[in-house]
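Both backbone and side-chain heavy atoms feed into the values below; hydrogens, waters and symmetry mates do not.
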Amino acid sequence: MNKKIMLVDMDAFFVSCEVAARPKLRGKPVGVCTGPQRGGVVASVSYEARKYGVKAGMPTFKVRDLCPGITLIPADAIKYAYISDSIMEYLKNKFEKVEIFSVDEAFIDVTNVKDPIEVGMEVKDHIKKTFHTPLTIGIGPSRVIAKMACEVSKPDGLLEIKESELLDKLGHLEVYEIPGIGERSGEALRSMGIRTVQDLWEVDEGLLTRKFGIRGKWFKDLAMGKDTGFFTLLENGAPLKSIGHSETFPRDIIDEEEIKNYTLYLCEKVGRRLRKHKVMGYGISVYIRYYDFTGNGISRKFAKPLFTTSEIYNSALFLLNQIREIKPVRLIGVSVFALAPVKIQLSIFNDDCKEVRLERTLDKINDTYGDFTVRRARLAGMQSIHHAIPPRGIPR
Ligand code: DCP
Ligand code: CA
């Protein structure tokens, strides 16, 4: 491995954005919560609150039980998107190859940077001074090592781990702490007596693949610091064949504008999943069913792939208009197929592609706060169809 990758990850990001504007809360237990005042969950938790056992995803009533002195602040998605965008913009201006990984994480290729530690310190200083938000930087020969270096030095850390130091510095990590393995697989590994990174190094690969299939090999590779599975799905081709979404509407619809709105809603759902899996599609199918249970569908392939919601929507609407009969509609389905991975180098994240970048930020916020927290203008007036019953036989 002769690459050098730096991961910039903001500490307790949503909380830090709030504390930046309320310095009195610095050093105190703070959480940012979503949903209603009662019955919501915390999305982000300060490190002081974590000492009480408070974790992201916990219901607020439980959080108050564990840490009665905690200050809970309602989430302000637009603020976080704005700060995230400004930080990413700074990183993109400073470095040549920046890959925005999530709302508060970016991988940077620093292979050709002379002194990555010094540059890492500059980045930390600049972000802290400009945005008043703390962060941690991990550096390593692969993304997964950079990520683990970051995890073990949080908060406010900066750590480089070289390939030869891997076992020394990370051998003790629990398997579920390896990015890409997760709690459930971690539990399954532990039940086989495989508890740490070092155990994964030592275990026979055949044993893992017999139990977990291809993912077993990924687990071992990740523990050995190789970017695989979770980290290279994009480079090696995604296993998904199509991504689709359809809804049975709460009532039959005939109004042209309403049909367009629902179509956009479905395309947004499909687009979010495409972007989440970092794939684009060269084909699209649209299916329509009417109040009388008749229906039809149409598919097309294109030379240029679909990735943004507006690209999917424009194609879906074009096809829908070719097949639609003028009678009340009960269901519409949109599915994108002929999928190909979006390269992780993410040439798409350059200035020409603000729309793609914006969509990813919106996706993250919507994933966090529920569908369409941040809505497109056309969707703003639309009623929710979350309760709609999913139809059978349509790919989801
Ligand atoms: N987030 C969320 N729900 C989750 C995980 C994350 O809403 N289950 C949001 C809130 C976080 C932000 O995304 O502030 C970034 O996620 P991280 O997992 O990076 O968590 P933090 O930045 O809060 O903490 P850490 O310091 O551990 O990175
Ligand atoms: Ca973070």
Side-chain angles (χ1 to χ4, degrees), residues 1-9 95 97-102 104-117 119-120 123 135-155 157-190 192-209 211-238 278 341 343-346:
M1 290 186 255
N2 44 19
K3 268 194 278 181
K4 207 165 256 200
I5 306 290
M6 174 188 278
L7 172 65
V8 173
D9 180 0
F95 298 97
K97 290 187 189 166
V98 177
E99 177 188 306
I100 299 167
F101 194 66
S102 74
D104 74 332
E105 287 167 287
F107 286 106
I108 300 163
D109 188 332
V110 289
T111 309
N112 299 321
V113 171
K114 210 165 140 211
D115 188 345
I117 296 270
V119 171
V123 168
L135 64 147
T136 297
I137 290 184
I139 302 168
S142 61
R143 291 183 190 88
V144 66
I145 297 176
K147 175 95 175 144
M148 289 194 277
C150 198
E151 293 305 317
V152 296
S153 51
K154 265 179 171 297
L158 171 62
L159 177 68
E160 174 168 6
I161 294 184
K162 303 214 161 79
E163 198 174 356
S164 58
E165 302 169 323
L166 206 73
L167 211 47
D168 255 8
K169 295 199 171 161
L170 299 172
H172 65 282
L173 272 195
E174 298 269 347
V175 283
Y176 66 84
E177 293 179 277
I178 301 171
I181 291 196
E183 293 263 340
R184 203 184 295 165
S185 304
E187 205 46 61
L189 285 166
R190 268 186 298 203
M192 297 164 70
I194 304 161
R195 308 184 70 85
T196 63
V197 165
Q198 177 152 6
D199 292 344
L200 267 177
W201 277 55
E202 286 163 7
V203 73
D204 174 52
E205 190 179 299
L207 185 74
L208 293 175
T209 47
K211 170 92 180 164
F212 298 101
I214 181 71
R215 287 170 63 239
K217 178 174 162 34
W218 291 357
F219 296 164
K220 191 170 171 86
D221 283 350
L222 288 170
M224 300 188 80
K226 287 188 216 154
D227 284 339
T228 183
F230 177 59
F231 287 99
T232 54
L233 210 53
L234 332 174
E235 283 170 1
N236 298 338
K278 302 186 179 85
K343 288 286 170 206
I344 204 158
Q345 255 61 30
L346 295 188

Q: Quick check: do V152 and K169 have side-chain heavy atoms less than 4.5 Å from each other?
A: no
Q: Do E187 and R184 sit within salt-bridge range, that is, some charged N less than 4.0 Å from a carboxylate O?
A: no
Q: When you measure from the side chain of T111 to the backbone of K3, do you find a donor-acceptor pair of N or O atoms at a distance under 3.5 Å?
A: no
Q: Who are the salt bridge (Lys or Arg N to Asp or Glu O under 4.0 Å) partners of K220, not counting sequence neighbours?
A: none
Q: For P179 versus K147, what's the shortest heavy-atom pair and its separation?
A: CG-CG, 3.4 Å
Q: Which atom pair, heavy atoms only, marks the closest approach of G138 to A149?
A: CA-CB, 3.9 Å
Q: Which residues pass the salt bridge (Lys or Arg N to Asp or Glu O under 4.0 Å) test with E177, not counting sequence neighbours?
A: none
Q: Just how far is it from atom CD of E151 to atom CG of L173, taken to the nearest 0.5 Å?
A: 9.0 Å
Q: Check whether any side-chain heavy atom of I194 sits under 4.5 Å from a side-chain heavy atom of V175, and report yes or no.
A: yes
Q: Measure the spacing between NZ of K154 and CG of L159 and express it to the nearest 0.5 Å.
A: 13.0 Å
Q: Would you call T136 and L158 a side-chain contact if the rule is heavy atoms closer than 4.5 Å?
A: no
Q: Does any part of the side chain of I139, heavy atoms only, come nearer than 4.5 Å to the side chain of I161, both counted from C-beta?
A: no
Q: Tell me every residue that passes ring pair (Phe, Tyr, Trp, His ring centres under 6.0 Å) with F95, counting only those two or more places apart in sequence or in another chain.
A: none
Q: Applying salt bridge (Lys or Arg N to Asp or Glu O under 4.0 Å), can you list everything that pairs with R215, at least two apart in sequence or on another chain?
A: none
Q: Report all side-chain donor-acceptor pairs from residues 200-208 shorter than 3.5 Å, counting only partners two or more places apart or in another chain.
A:
| residue | atom | partner | partner atom | Å |
| --- | --- | --- | --- | --- |
| W201 | NE1 | A223 | O | 3.0 |
| E202 | OE2 | Q198 | NE2 | 3.1 |
| D204 | OD2 | G206 | N | 3.4 |
| D204 | OD2 | L207 | N | 3.4 |

Q: At their closest point, which heavy atom of V144 faces which heavy atom of D227, and how far apart are they?
A: N-OD1, 2.8 Å
Q: Specify the closest pair of heavy atoms between H172 and T196, including all atoms of both residues, with the distance to one decimal.
A: O-CG2, 3.8 Å
Q: Could you pull out the closest heavy-atom pair between G140 and I145, with the gap in Å?
A: CA-CG2, 4.0 Å
Q: Stepwise, does the side-chain contact (heavy atoms from CB on, under 4.5 Å) test hold for F219 with L189?
A: CA-CA 10 Å; F219 296 164; L189 285 166; 4.0 Å; yes
Q: Rounded to the nearest 0.5 Å, what's the gap from CD1 on I178 to CH2 on W218? Could you check?
A: 15.0 Å
Q: A quick test of your reading: do over 12 heavy atoms of other residues, nucleotides or ligands sit less than 6.0 Å from NZ of K217?
A: no
Q: Under 4.5 Å between any side-chain heavy atoms of L7 and R143, yes or no?
A: no
Q: Any chance you could measure K97, atom NZ, to D109, atom CG, to the nearest 0.5 Å?
A: 4.5 Å
Q: Could you tell me the separation between the SG atom of C150 and the CD1 atom of I137, rounded to the nearest 0.5 Å?
A: 8.0 Å
Q: Run V119 and V110 through side-chain contact (heavy atoms from CB on, under 4.5 Å) and show every step you take.
A: CA-CA 9 Å; V119 171; V110 289; 5.7 Å; no
Q: Side chain to side chain contact (heavy atoms under 4.5 Å, CB included) with N112: which residues, sequence neighbours excluded?
A: none
Q: Assess the residue pair K4 and E160 against the criterion (side-chain contact (heavy atoms from CB on, under 4.5 Å)); give the C-alpha distance rounded to whole Å, side-chain angles, the decisive distance to 0.1 Å, and a yes or no.
A: CA-CA 10 Å; K4 207 165 256 200; E160 174 168 6; 2.8 Å; yes
Q: Looking only at heavy atoms, which two atoms of F212 and S185 are closest? And how far apart?
A: CZ-O, 4.4 Å
